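Step one of this worksheet: look at the structure below.
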Amino acid sequence: MQGNSIDLKWLLGDISLRDLDTAILNNDSILIQGRGNNYYNCLFSFDDAEALTNRRDLFYPFVRLYDGTSRVDVSDYTDNLSFSGINVPFYVSRETLRNRIASGNTAYFTGIERISTSCLALKVQLEAALIATVDLSLFVTPSNTVGNLPRHYDNVDGLILQISGRKTWKLWGIAATDPLLVEKRSNVSEMATDDNVHATYTLEAGDLLFVPAGMIHETDTTDDHSIHITVGVTPFRWYNVMSDYLAPRLAGPRPAPRLQLGEAINSLRERLLNGRYPSRPGLIGSRIMGVDLDDQRRLLWARWIPTHIRDLGNQIEIFFHGNKLRLPKTCHKMVRKLHDAQSAVAIRDLLAAGHEELCLKALSALLDNGIAVKDIGGT
């Protein structure tokens with residue numbers, strides 16, 4: 001079932017962004033229960049999952065299989081695609097997929113927003129609210145499967161949406177406070193034993209579980225199947241800070257001939273002391289939401305978000321986080337003034353740089369997308 005009446009409030013209920021920030025800072029999970037078996041049907045239903053496993057256009061790596069201890073070798077469930085004379089594992093037949101699930105494998109579908117308009121709508125809503133990259137993955141697990149995936153931790157904050165059936169989650173402590181994609185601890189099984197389980201939750205249809213990045217977990221099913229969606233929110237990481245510092249200095253026809261480490265440290269220190277960098281994108285989002293566009297308010301360009309401004313003639317285009325925002329050409333001077341300012345600029349001064357009504361709408365768009373933020377110390 002497809003639908004578009006979904007947003008952050010629908011997903012989180014009474015849980016606020018501040019609650020998520022607190023859970024992240026305390027390395028803790030959050031559980032929401034009692035919302036009814038059909039709560040997620042407007043997003044993705046049992047019938048949608050059934051239809052997905054019956055499709056004839058499935059392929060690797062969109063579909064991956066796990067046998068409870070490790071990932072199933074891709075050659076065991078794919079047909080080859082001949083590419084430039086080389087056979088590449090690619091096609092996944094529906095018969096093979098359904099037989100594998102029936103035999104106890106967990107099917108993992110990555111990026112389901114590509115085949116579901118409702119999931120895409122949720123992705124767009126969350127990325128706008130959290131100012132972060134969001135991806136949705138679907139997991140289909142048969143009954144009586146112990147250790148659907150080996151004990152592990154993820155590099156992203158996860159919102160677990162139990163679509164159908166039942167699944168038990170075992171949670172341990174944080175293995176890595178800032179896990180990187182290129183680094184994985186090899187001693188997870190030693191850190192997470194049956195004797196030191198931090199929490200155990202059994203999710204039923206309609207429930208939601210928040211698991212922060214780096215938290216070790218394992219899942220089981222018993223006498224019921226399980227279909228759940230993991231909403232992965234890519235957290236802000238410290239290498240993003242250095243990347244944001246280096247990018248403008250290395251770009252363009254004349255990159256900086258010398259990069260001073262002391263300058264970089266002082267630049268980062270100033271931003272940290274002024275609260276410019278959060279530990280997770282949600283902290284930015286909580287500052288952006290509900291901004292009052294009083295003309296006395298002072299704004300800053302969010303320099304921790306890599307952006308590129310391009311002139312399109314009658315419009316200007318701003319690239320950010322892989323997205324594009326187009327604004328009227330009459331707002332060009334205002335955008336440049338805010339972008340080039342070394343300190344916060346009052347809204348009244350920004351509005352004087354172009355058509356006031358259009359510029360006000362443009363500022364709202366910049367704030368909504370996290371490209372601009374209100375000055376924390378401003379009046």
Side-chain angles (χ1 to χ4, degrees), residues 1-24 30 32 35-36 38-45 48-49 52 109-139 154 156-163 205-213 227-236 278 280-291 293 302 304-305 307 318-327 361-374:
M1 178 183 298
Q2 304 298 326
N4 56 10
S5 58
I6 54 176
D7 55 22
L8 187 66
K9 178 64 178 176
W10 167 83
L11 180 66
L12 297 182
D14 294 331
I15 302 298
S16 67
L17 288 178
R18 188 173 297 278
D19 294 327
L20 285 181
D21 296 335
T22 300
I24 291 168
I30 296 176
I32 302 176
R35 303 207 287 193
N38 299 322
Y39 190 81
Y40 294 121
N41 275 4
C42 62
L43 177 69
F44 205 87
S45 67
D48 292 327
L52 177 59
F109 301 85
T110 63
I112 59 169
E113 64 272 11
R114 291 175 292 181
I115 54 94
S116 167
T117 56
S118 53
C119 288
L120 178 60
L122 179 61
K123 171 184 169 72
V124 171
Q125 290 276 354
L126 293 182
E127 288 190 337
L130 301 176
I131 318 300
T133 300
V134 173
D135 298 290
L136 281 74
S137 301
L138 178 74
F139 293 81
D154 296 320
V156 298
D157 296 323
L159 292 163
I160 316 302
L161 286 54
Q162 190 67 30
I163 305 298
D207 292 348
L208 180 146
L209 176 65
F210 171 72
V211 179
I227 299 174
H228 83 263
I229 286 177
T230 294
V231 179
V233 182
T234 302
F236 182 91
R280 289 292 197 278
L283 293 171
I284 296 182
S286 61
R287 291 174 185 158
I288 293 172
M289 294 183 69
V291 171
L293 287 185
W304 53 85
I305 299 177
T307 53
I318 303 174
F319 288 84
F320 66 101
H321 277 320
N323 300 311
K324 292 183 291 186
L325 175 65
R326 288 188 177 181
L327 301 174
K361 291 181 179 179
L363 285 179
S364 296
L366 292 175
L367 287 163
D368 288 342
N369 286 281
I371 301 172
V373 296
K374 64 178 180 179

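In this text the structure is predicted, and so the values were computed from the model without any measurement.
Classification of the Tyr40-Trp10 ring pair by plane angle, with boundaries at 30° and 60°, yields perpendicular.
A donor-acceptor distance shorter than 3.5 angstrom exists from the side chain of Asp7 to the backbone of Lys9, with no hydrogens or angles considered. Side chain of Glu127 to backbone of Val134: a donor-acceptor contact under 3.5 angstrom is found. Ser118 places a side-chain N or O within 3.5 Å of a backbone atom of Leu43 that can act as its donor or acceptor partner.
Each of Leu136, Leu11, Ile32 was evaluated against Leu161; a single residue qualifies, Leu11, per the side-chain contact (heavy atoms from CB on, under 4.5 Å) test.
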Which is it for Asp14 and Asp19 under the side-chain contact (heavy atoms from CB on, under 4.5 Å) test, yes or no, and what are the steps along the way?
CA-CA 9 Å; Asp14 294 331; Asp19 294 327; over 6 Å; no
CA sep, side-chain torsions, deciding dist, call: Val156, Val233, side-chain contact (heavy atoms from CB on, under 4.5 Å): CA-CA 5 Å; Val156 298; Val233 182; 5.8 Å; no
Before giving the answer on side-chain contact (heavy atoms from CB on, under 4.5 Å), spell out for Arg35 and Leu208 the whole-Å C-alpha distance, their side-chain angles and the decisive distance to 0.1 Å. CA-CA 9 Å; Arg35 303 207 287 193; Leu208 180 146; 3.7 Å; yes
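Between Leu366 and Leu325, the closest side-chain pair of non-hydrogen atoms falls below 4.5 Å.
Rounded to the nearest 0.5 angstrom, Phe44 CZ and Ile112 CD1 are separated by 5.0 Å. Considering CG of Asp135 and CG of Leu126, their distance stands at 11.0 Å, rounded to 0.5 Å. Annotation: the span from Glu113 atom CD to Leu138 atom CG amounts to 11.5 Å, rounded to 0.5 Å. From Ile115, atom CD1 reaches atom CG of Leu120 across 10.5 Å, with rounding to the nearest 0.5 Å. Rounding to the nearest 0.5 Å gives a distance of 8.0 Å between CG of Leu8 and CG of Leu20. Atom CG of Leu363 and atom CD1 of Ile371 lie 11.0 Å apart (nearest 0.5 Å).
Shortest non-hydrogen contact noted between Ala205 and Ile163 is CB-O, 3.6 Å.
A donor atom on one side chain and an acceptor atom on the other are found under 3.5 Å apart for Ser45 and Asp48.
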